[in-house]
Amino acid sequence: MAWLDIAMGLGVFFIVWGHVLRTGHFRIYLYAFNVTLFFFLLGYTFKYGASLKEFLKKRFFRTMIPYYIWAIVSIMTFLLTLLMRLCLYGKILSECFMPIQEQYT
């Protein structure tokens, strides 16, 4: 199955090369098959050992828990930067949080 390893390597190479190229007709031709080739070969070599239900359950928890953690982190980061931009627009940061400080002293 050395041909499969070579074909997958070429698929990865063509994907990277397609991202490196900015313009040109060759880029259009490259995008016509590079991702399709890679995913076709990836599906060709795919196996799961247990039942399909167990595989999907395991895959769900391996992907969705990190997804939700990073979604919460990115939403909190977005809200924090939005708050800081709103507070810094025309004021200094200490004036923006002054009502919070007065409330707890």
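As the structure is a prediction and not an experimental result, all values here were calculated from the model. Starting from 1, each residue takes its place in the sequence as its number.
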Across all chains, not counting sequence neighbours, the side chain to side chain contact (heavy atoms under 4.5 Å, CB included) partners of Phe33 are Phe14, Leu30, Leu37

Side-chain polar contacts of residues 49-70 - donor-acceptor pairs under 3.5 angstrom, sequence neighbours left out - could you list them?
residue : atom : partner : partner atom : Å
Ser51   : OG   : Glu54   : N            : 3.3
Thr63   : OG1  : Arg59   : O            : 2.8
Thr63   : OG1  : Phe60   : O            : 3.3

Just verifying a value: how many Å separate Leu10 CG and Asp5 CG, rounded to the nearest 0.5 Å? 11.0 Å

Tell me, please, which residues at least two apart from Phe39 pass side chain to side chain contact (heavy atoms under 4.5 Å, CB included). Val35, Leu42

Please name the pair of heavy atoms, one in Ala71 and one in Ser74, separated by the smallest distance, quoted to 0.1 Å. O-OG, 2.9 Å

Residues which pass ring pair (Phe, Tyr, Trp, His ring centres under 6.0 Å) with Phe13, listed by chain and number, not counting sequence neighbours: Trp17

Shared-cluster residues of Met76, by chain and number - hydrophobic side chains joined below 4.5 Å: Ile72

Quick one: side chain to side chain contact (heavy atoms under 4.5 Å, CB included) partners of Leu82, sequence neighbours excluded? Phe78, Leu86

